[in-house]
Amino acid sequence: MDLFEYTRKGILEREAPLASRMRPRTLDEVVGQEHIIGPDRLLSRAIRADRIGSLIFYGPPGTGKTTLAQVIANTTHARFVQINATTAGKKDMEEAVQKARDALGMEERRTILFVDEIHRFNKAQQDYLLPFVEDGTLTLIGATTENPYFEVNRALVSRSRIFELKPLGAADLEVLLRRALVDKERGLGNLNVDADDDAIAFLADISNGDARAALNALELGALTTSPGEDGRIRITLDVASECIQRRVLNYDREGDNHYDTISAFIKSMRGSDPDAAVYYLARMLYAGEDVKFIARRIMICAAEDVGNADPQALILAVAASEAVERIGMPESQIILSQAAAYVACAPKSNSACNAIFSAMDSVKNEPTGGIPPYLKDAHYSGAKDLGRGLTYRYPHDYENHYVDQQYLPDELRGRRFYEMSDNGYEKGMRLWLERIGKYPKK
């Protein structure tokens, strides 16, 4: 490291955001994640024994993925190399591999390669690392906010132990905030900062488990608030609320949170819980989810889960979809709330959904059979000579506009695909078919 690099590093360390400066250096300084780094947990034992294998840390932003990597870097006797997948190219990886080979051959020293945002590597880049992880040239530690089972090469996943980090609890964040207030080496201890208990509690709650967001908000308050007459800076609840004007919401429109939230939204409508449905709707809207995407999911749920128990649900859902395209936000939230609440409260039946799946399964796996001749088209010259439509009975000529007649192919005669429920409007439909003799009475 030359003089300029040394100077630059010193400046960055002094000027880095509070969250970066307060990053734990040892395992004992880490707060939270007891489920993976508790005293008797595997990862804790492996770090202390310096017996680290390939790992993937997976979790939301600000939960300590990079922190744990840095703790390993400060603990291990192996070489520790860090790259970021958003900026690293093949040349960087080739250089890391070559130096790892040299260290192993000349010094008998292992190399740990930490790849931050590993899901940003494309398949070819991930494939490049695989043989060197497999033969022990590299020990890989990856960090990702995305589900590694979806975004990381399956072969790398199979050779790594995956640790999922959870959002930090409010109590954990309060510990970190209070630690930063008194730390004179890396924190705010030299600024004479006091923070009210309700301000600390607010920042810990509003940050949604993201330590980075909480610490940087605390620093913003300290740096932008004038000292009082006693020379001390006081962070009140009002100051804290100005530093985070919105609740931090971990939501990636292409990642796990996107799929998990829409899944919870649909299951809440299906489960007839309008309160949960509008709550998850609010989370998606707050995070900027595409209203057209939400509207499409409501339409699908109306057909799949409500069906003919309340045919009005699909009509309302379609109308809502058209309305949000014309109106846009913020008014569209009202329309989507109405549609989601209606679908959630409507009686449920998946009979029509099951009917098409059952019929498709029959078409796919069984002989299709011939269409009865009297159902075939008879509107062309020569059709009657072929026997088309000759014995067809027109239902409107009979009482109740119904006549018993076989419509399915002979091979499927008597097969029931649509099993009606006893819910809502569908029950009335079934009773009508029973009354005219189409279905036997229950």
*Does Arg159 use its side chain to pair, donor to acceptor, with the backbone of Ala155 at less than 3.5 Å?*
yes

*Is Ser337 reaching over with its side chain to a backbone N or O of Gln333, donor-acceptor style, under 3.5 angstrom?*
no

*Can you tell me if CZ on Arg416 sees more than 12 non-hydrogen neighbours from other groups inside 6.0 Å?*
yes

*asked:* Do Thr67 and Arg23 pair up side chain to side chain, a donor and an acceptor below 3.5 Å, judged on atom types alone?
replied: yes

*Around atom CE of Met360, are there more than 12 heavy atoms of other residues, nucleotides or ligands at under 6.0 Å?*
no

*Between Val71 and Val30, what is the shortest heavy-atom contact and its length?*
CG2-CG2, 4.0 Å

*Leu220 side chain near Asn216 side chain, heavy-atom distance below 4.5 Å*: no

*What are the two closest heavy atoms between Gly369 and Glu411, and how far apart are they?*
CA-OE1, 3.2 Å

_Neighbour count above 12 (heavy atom, 6.0 Å) for Arg154 CZ_ = no

*Side chain of Ser358, backbone of Ala355: donor and acceptor closer than 3.5 Å?*
no

*asked:* Side chains of Met329 and Leu285, heavy atoms from C-beta outward: is any pair under 4.5 Å?
replied: yes

*asked:* Testing the basics here: between Gln125 and Arg120, what is the closest heavy-atom pair and its distance to 0.1 Å?
replied: OE1-O, 4.3 Å

*Working to the nearest 0.5 Å, report the span between CZ of Phe114 and CG of Leu138.*
14.5 Å

*Taking atom CZ of Phe80 and atom CD1 of Ile112, what is their separation to the nearest 0.5 Å?*
6.5 Å

*asked:* Donor-acceptor pair, distance only, cut-off 3.5 Å: does the side chain of Lys65 make one with the backbone of Leu165?
replied: no

*Do Met22 and Glu219 come within less than 4.5 Å of each other through their side chains, counting heavy atoms only?*
no

*Quick one: does Ile266's side chain get under 4.5 Å of Glu304's, heavy atoms only?*
no

*asked:* Just so I know, are the side chains of Gln312 and Tyr425 near enough to count as touching, which here means a heavy-atom distance under 4.5 Å?
replied: no

*asked:* Taking CG in Leu42 as the centre, count heavy atoms belonging to other residues, nucleotides or ligands within less than 6.0 Å. Is the count above 12?
replied: yes

*Expected output: side-chain Thr63 to main-chain Pro60 donor-acceptor under 3.5 Å*: yes

*May I ask you to check whether Asn84 and Thr86 show a side-chain donor-acceptor distance below 3.5 Å?*
yes

*Heavy atoms, side chains only, cut-off 4.5 Å: are Tyr259 and Asn147 in contact?*
no

_Gln126 side chain vs Phe121 backbone, donor-acceptor pair below 3.5 Å_ = yes

*Answer yes or no: does atom CZ of Arg179 have more than 12 heavy-atom neighbours from other residues, nucleotides or ligands under 6.0 Å?*
yes

_Asp183 side chain to Arg186 backbone, donor-acceptor under 3.5 Å_ = yes

*How about Arg413: does its CZ atom have over 12 heavy atoms from other parts shown lying under 6.0 Å from it?*
no

*Heavy-atom count around Glu108 CD within 6.0 Å, excluding the residue itself: above 12?*
no

_Donor on one side chain, acceptor on other, Asn74 and Gln70, under 3.5 Å_ = no

*When you check the side-chain N and O atoms of Tyr418 and Glu426, is any donor under 3.5 Å from an acceptor?*
yes

*Just by distance, do the side chain of Ser207 and the backbone of Ala204 share a donor-acceptor pair under 3.5 Å?*
no

*Among Asp198, Leu203, Asp197, Asp196, side-chain contact (heavy atoms from CB on, under 4.5 Å) partner for Leu237*: Asp198

*Donor-acceptor side-chain pairing of Thr111 and Lys99 below 3.5 angstrom*: no

*Would you find more than 12 non-hydrogen atoms of other residues, nucleotides or ligands less than 6.0 Å from Arg109 atom CZ?*
yes

*asked:* Looking at every non-hydrogen atom in both residues, tell me the closest pair between Leu168 and Gly32 and how far apart they are.
replied: CD2-CA, 4.1 Å

_So Asp172 and Leu176, do their side chains get closer than 4.5 Å, heavy atoms only?_
no

*Atom NZ of Lys348 and atom CZ of Arg270: how far apart are they, to the nearest 0.5 Å?*
10.0 Å

_With a 4.0 Å cut-off on N to O distance, would you call Arg430 and Glu434 a salt bridge?_
yes

*Can you measure from CD1 (Ile83) to CD1 (Ile118) and round to the nearest 0.5 angstrom?*
8.5 Å

*asked:* I need the minimum non-hydrogen distance between Thr145 and Tyr58, along with the two atoms involved.
replied: O-CE1, 3.9 Å

*Could you please spell out the steps behind the side chain to side chain contact (heavy atoms under 4.5 Å, CB included) verdict for Leu191 and Leu223?*
CA-CA 9 Å; Leu191 297 182; Leu223 296 178; 4.2 Å; yes

_Pair Asp50 + Arg110: basic N to acidic O under 4.0 Å_ = yes

*Flag the pair Arg297 and Glu289 as a salt bridge only when some basic side-chain nitrogen lies within less than 4.0 angstrom of an acidic carboxylate oxygen.*
no

*How about Leu68 and Leu55: do any of their side-chain heavy atoms sit closer than 4.5 Å?*
no

*Hey, are Lys267 and Asp305 close enough for a salt bridge, meaning a charged N less than 4.0 Å from a carboxylate O?*
no

*Leu181 CG to Ile235 CD1 distance, which is reported to the nearest 0.5 Å*: 6.5 Å

*Per the side-chain contact (heavy atoms from CB on, under 4.5 Å) rule, which among Ile52, Ile56, Val115 passes with Ile141?*
Ile52

*Where is the tightest heavy-atom contact between Gln33 and Lys166, given as atom of each residue plus distance?*
NE2-O, 2.6 Å

*At what distance, to the nearest 0.5 angstrom, does CZ of Phe132 lie from CG of Leu140?*
12.5 Å

*Expected output: side-chain Glu29 to main-chain Arg25 donor-acceptor under 3.5 Å*: yes

_Between Asp135 and Thr137, is there a side-chain donor-acceptor contact under 3.5 Å, judged purely by atom types and distance?_
yes

*Please lay out, stage by stage, how Phe265 and Ile298 fare under the test side chain to side chain contact (heavy atoms under 4.5 Å, CB included).*
CA-CA 9 Å; Phe265 175 60; Ile298 295 175; 3.8 Å; yes

*Would a distance-only check, ignoring hydrogens and angles, find a side-chain to backbone donor-acceptor pair under 3.5 Å from Asn308 to Pro311?*
no

